Amino acid sequence: MKKGDHLFLVDGSGYIFRAYHALPPLTRKSDSLPVGAVSGFCNMLWKLMKDARNTDVGIVPTHFAVIFDHSSRNFRHDLYSEYKANRSAPPEDLIPQFGLIRQATRAFEVPCIEMEGFEADDLIATYARMAREAGGDTTIISSDKDLMQLVGPSVAMYDPMKDRQIGIPEVVEKWGVPPEKMIDLQALTGDSVDNVPGVPGIGPKTAAQLLEQFGDLDTLLARAGEIKQDKRRQTIIDNADKARVSRELVTLKADVPVSEGLDDFLLQPPNGPKLISFLKAMEFSSLTRRVAETTGTEAAEIEPATVVVQRKEEAHGPDLDIAAPAQASAPQTAAATTAAETPPATEAVSARAGDGLSPAALADTRAHAAVAEKIDTDRYVCIRDLRTLADWVAEATEAGVVAFDTETTSLDPMLAELCGFSLATRPGRAAYVPLIHKSGRGDLLGGGLVENQIAVRDALALLKPLLEDPSVLKVAQNMKYDLVIMNRYGIDIVSYDDTMLISYVLDAGANGGHGMDSLAERWLGHKTIAYKDVAGNGKAATTFDFVDIDKATRYAGEDADVTLRLWRVLKPRLAAKGLASVYERLERPLVPVLSQMEQRGISVDRQILSRLSGELAQGAAALEDEIYRLAGERFTIGSPKQLGDILFGKMGLPGGSKTKTGQWSTSAQVLEDLAASGHELPRKIVDWRQLTKLKSTYTDALPGYIHPETKRVHTNYAMAATSTGRLSSSEPNLQNIPIRTTEGRRIRTAFIADKGHKLVSADYSQIELRVLAHVADIPQLRQAFADGIDIHAMTASEMFGVPVQGMPSEVRRRAKAINFGIIYGISAFGLANQLSIAREEAGDYIRRYFERFPGIRDYMDGTKAFARENGYVETIFGRRAHYPEIRSSNPQVRSFNERAAINAPIQGSAADIIRRAMVRMEKALPEAGLNARMLLQVHDELIFEVPDAEVEATLPVVRTVMEGAAMPAVALKVPLQVEARAADNWDEAH
DNA sequence: ACAGAAGCTTA
DNA sequence: GTAAGCTTCTGTT
């Protein structure tokens with residue numbers, strides 16, 4: 001085994017009991033042999049091996065083993081005679097299945113490991129340690145809390161029944177302590193199933209709080225006298241010995257003298273005939289079929305295996321003693337075990353280090369303290385020599401956490417020049433390092449460089465080791481910006497937190513933004529120095545390099561100081577609210593990915609745009625002449641007010657709707673209606689608007705974004721801008737490049753691949769409807785997606801009873817509008833508008849839809865109720881979107897919030913899925929030996945630039961990563977489908 | 001010089 | 001009916 005290898009260890013015994021209890025009983029048809037657990041086990045093993053191969057390029061197992069318990073007694077019984085004393089014999093119909101499951105494991109050609117005198121958990125601990133020492137990663141297939149003590153940077157768990165990954169953040173979320181404290185926690189709480197005593201009256205919550213306060217069990221027992229609550233103090237003092245024994249019992253033994261080595265676990269490709277032979281003997285017909293398909297085996301030609309069924313106890317003796325869903329654990333016999341096993345604390349933990357409270361209580365304490373502490377901007381240090389900077393770097397390294405912020409000449413990180421940077425090592429202690437400040441004013445000749453500034457390259461040479469040190473956590477507000485800047489200066493920041501993203505995960509959609517100024521006001525009760533007060537206002541504004549260094553020190557020092565204080569307040573709230581994994585899996589890992597995408601940019605052909613611009617100008621000019629002629633006068637066509645006066649005043653056309661300011665609306669809808677009733681002018685206006693829109697927004701604006709050096713266009717992705725979890729794109733917005741009209745599409749032809757490359761566009765087909773089918777669990781929708789049927793035609797057919805064959809396009813169009821309406825939180829008013837039909841008719845449609853798909857109504861009502869109750873809704877990955885105004889007494893406001901709340905889990909889950917895909921993609925492509933570069937994201941689409949020769953090899957990787965992106969956290973009830981195409985430009989690739 | 005409204009582009 | 005960003009016009013600062 002070597003670095004990069006990945007070991008899967010299946011807790012076989014644990015799985016048997018869990019499957020037996022969780023799955024419906026199943027017997028073999030021919031002889032009523034109970035096989036429910038065997039079936040569950042085979043399906044799980046197959047899924048694990050197959051899904052890992054197909055869906056998640058990041059976690060393909062290279063090594064695989066199933067571990068079982070063995071023997072009735074082990075060293076734990078010697079430590080504590082009552083260990084597992086209250087176990088009863090396993091149920092009658094489970095007994096024959098123990099042997100069968102071992103046979104199943106062999107049929108899969110997976111090693112089947114057990115050892116006299118040790119529990120499965122000890123073997124798992126031992127192999128996980130061996131894998132770690134060899135540089136590999138381990139995934140333990142189990143959800144047993146006894147195994148959570150093993151979780152660490154290279155060891156994760158995976159719950160096969162809930163399809164959920166359990167890493168450090170999940171352990172912290174569930175138990176309130178990091179994995180390395182699980183042993184102490186279990187020692188306190190005990191375990192009734194295994195008869196581990198623990199301390200009576202101490203449950204997981206209290207245990208976690210005590211461990212927060214005292215750090216570990218020994219300290220707690222030594223200082224138990226300090227506990228405030230009288231009763232609790234006494235029980236802990238009285239039961240200290242029980243706690244110590246319990247700790248021995250629950251500590252897993254990671255030094256079992258195993259006979260098989262990791263190299264014996266090398267994963268073999270499935271042996272189709274052998275496996276099918278066993279499955280046939282079990283009469284698992286659907287799994288037999290699936291295995292036959294995947295392995296390309298002709299199942300009909302294979303004879304069922306001879307399976308030995310032993311109903312007598314001695315035949316399955318090994319498992320007899322583990323009578324409940326594996327709750328076993330092992331003590332620490334020698335010093336060899338746990339101390340060495342303990343993974344380093346996560347940042348989630350270090351954020352709380354030293355404070356003696358549960359995550360929630362700590363979060364509140366920090367919040368209160370933060371407001372009380374005054375911020376003094378006069379105390380910041382200005383660093384002007386290398387010696388002092390070196391001291392600060394040392395101080396930051398020692399502290400292990402440092403807030404970092406850059407000051408630059410531009411908000412656009414691709415154009416910005418670094419003026420200086422600030423650091424903060426603890427609240428109130430911050431420093432600014434000016435680098436290229438100049439005297440005088442920005443314009444004219446200005447002054448020269450201010451004296452006594454460290455040279456940029458010298459300062460960065462000192463800074464680089466700090467920023468690239470994985471053991472020092474860097475905290476920034478909007479780290480992606482600083483990442484792009486520092487990347488451009490040759491520094492790759494690793495190990496960081498982002499206060500903006502933490503706030504976004506906690507409070508997306510809640511009142512108030514996630515900018516530093518509003519966060520400081522909200523959480524610290526501090527009003528920050530306004531940028532315009534240091535750099536000036538409007539026309540008088542200068543870039544930061546012309547800001548007076550004293551002022552700059554106050555401003556930049558404050559940025560770092562405030563960022564660090566915010567982090568101390570906000571970070572503990574993540575764990576307290578169960579949101580650590582959203583932040584750590586959906587937000588933080590996307591930062592470097594987007595940073596790369598922004599830096600790559602995309603090529604835009606200037607010539608195509610300028611030619612197009614000329615054509616649009618000509619077309620618009622011609623239309624203007626005709627418009628003036630038809631109107632009988634010249635006016636500003638782009639002014640809705642003036643246009644309204646012409647159309648509805650002078651010409652006396654019938655006005656349609658009004659805008660909220662009382663003006664006659666001149667919207668495209670109104671003008672289209674007028675055109676339809678035979679008026680010439682409105683049609684011309686609509687056409688004119690289209691041409692001028694394309695010209696001003698795209699053909700004229702885009703060339704201005706071409707970077708002078710890279711010659712490419714670099715958009716900026718905002719990660720914390722939407723309420724649902726979507727990204728947004730700006731300067732320029734590359735998420736709204738035209739596609740609907742043929743004229744508009746021509747703009748897409750200007751987005752081109754580099755020489756020798758192709759653009760690949762890969763988009764999810766109907767992802768939001770698929771998410772809806774999953775969350776609302778609609779049988780017809782699930783079936784239609786499983787069968788690959790035209791979803792809108794199916795809807796139309798269900799609703800109107802029209803057969804799909806030969807369906808009129810208008811019928812399908814209406815069904816499509818309704819499907820979209822559902823996603824948007826449908827209203828009769830909105831649907832009527834969309835389809836230009838009467839509101840009553842739209843209401844009828846909706847009623848009929850709910851009759852056909854009652855699950856949709858249940859989902860909508862359920863979501864509304866949840867949102868009203870909690871003030872937020874959740875995506876399938878646990879991201880929250882807040883709707884504080886959903887309880888408004890204003891019906892308009894309330895309804896709007898209800899629709900948004902219905903939409904958010906759907907739109908947001910889809911956004912989460914593509915985020916996961918992007919994070920994996922950035923790794924998966926190079927790991928597959930490919931040079932494809934991910935450039936853009938447009939909500940359900942990813943655009944890549946791929947060398948010509950690699951296009952064919954890239955497409956399946958892209959598709960596989962995207963289609964499997966929900967796994968393993970969520971097993972969608974509907975398949976995801978991705979369409980990918982390559983071409984020379986974006987128009988043809990899409 | 002800025003802010004809001006109106007309108008239009010995307011998913 | 002959901003989610004965004006950009007441009008133009010217009011009125012206010």
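Please read these numbers as outputs of a predicted model, since none were measured by experiment. By convention in this document, chain letters (A, B, ...) are assigned in the order of the sequence lines, proteins followed by strands, and residues within each chain are numbered from 1.
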Angle class for the A:W664/A:F648 ring planes (parallel below 30°, perpendicular above 60°, tilted otherwise)?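 Tilted: the ring planes of A:W664 and A:F648 meet at 30° to 60°.
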So what does [X] hit on the nucleic acid, given a heavy-atom distance under 4.0 Å: a base, only sugar-phosphate, or nothing?
| X | result |
| --- | --- |
| A:T666 | sugar-phosphate |
| A:A817 | base |
| A:G825 | nothing |
| A:I823 | nothing |
| A:F820 | nothing |
| A:A904 | nothing |
| A:A701 | sugar-phosphate |
| A:T661 | sugar-phosphate |

Nearest-Å distance, [atom1] ([X]) to [atom2] ([N])?
| X | N | atom1 | atom2 | answer |
| --- | --- | --- | --- | --- |
| A:R689 | C:dT8 | CZ | C1' | 11 Å |
| A:L691 | C:dT8 | CG | P | 14 Å |
| A:E768 | C:dG1 | CD | C1' | 13 Å |
| A:Q766 | C:dT2 | CD | P | 20 Å |
| A:Y824 | C:dA4 | OH | P | 13 Å |
| A:K693 | C:dT8 | NZ | P | 9 Å |
| A:E841 | C:dG1 | CD | C1' | 17 Å |
| A:I886 | C:dT2 | CD1 | P | 13 Å |

Is there side-chain contact between [X] and [Y], with at least one heavy-atom pair below 4.5 Å?
| X | Y | result |
| --- | --- | --- |
| A:F944 | A:L935 | no |
| A:I846 | A:I818 | no |
| A:S888 | A:N897 | no |

Check for me whether the distance between the ring centres of A:Y583 and A:Y504 falls short of 6.0 Å.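 Aromatic pair excluded; centres sit 6.0 Å or further apart.
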Phosphate-side-chain proximity, A:T697 and C:dG5, N/O vs OP1/OP2 below 4.0 Å: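 Result: no.
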With a 3.5 Å cut-off and no angle check, do the side chains of A:S761 and A:E941 form a donor-acceptor pair?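 There is such a pair (donor and acceptor under 3.5 Å, judged by atom type) between the side chains of A:S761 and A:E941.
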We want to know whether A:T741 and A:Q690 form a side-chain donor-acceptor pair, criterion being a heavy-atom distance below 3.5 angstrom.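 Indeed, the side chains of A:T741 and A:Q690 share at least one donor-acceptor pair under 3.5 Å.
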Under a criterion of less than 4.0 angstrom to any heavy atom of chain A, what are the 5'-terminal and 3'-terminal contacting nucleotides of DNA chain B?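 In short, chain A contacts DNA chain B from B:dA1 to B:dA11.
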With the threshold set at under 4.0 Å for non-hydrogen atoms, list the residues of residues 716-738 of chain A touching DNA chain B in residue-number order.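 Correct list: A:R726, A:Q735, A:N736, A:I737, A:P738.
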Test log, rule side chain to side chain donor-acceptor pair (under 3.5 Å), inputs A:D777 and A:Y859: CA-CA 9 Å; A:D777 200 6; A:Y859 165 74; over 6 Å; no
Against A:D687, only a single residue in A:R689, A:K684, A:R683 fulfils salt bridge (Lys or Arg N to Asp or Glu O under 4.0 Å); can you say which?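 In the set A:R689, A:K684, A:R683, the residue that makes a salt bridge (Lys or Arg N to Asp or Glu O under 4.0 Å) with A:D687 is A:R683.
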Got a sec: does the CZ of A:R848 have more than 12 other heavy atoms crowding it under 6.0 Å?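 Atom CZ in A:R848 is packed in, count exceeds 12.
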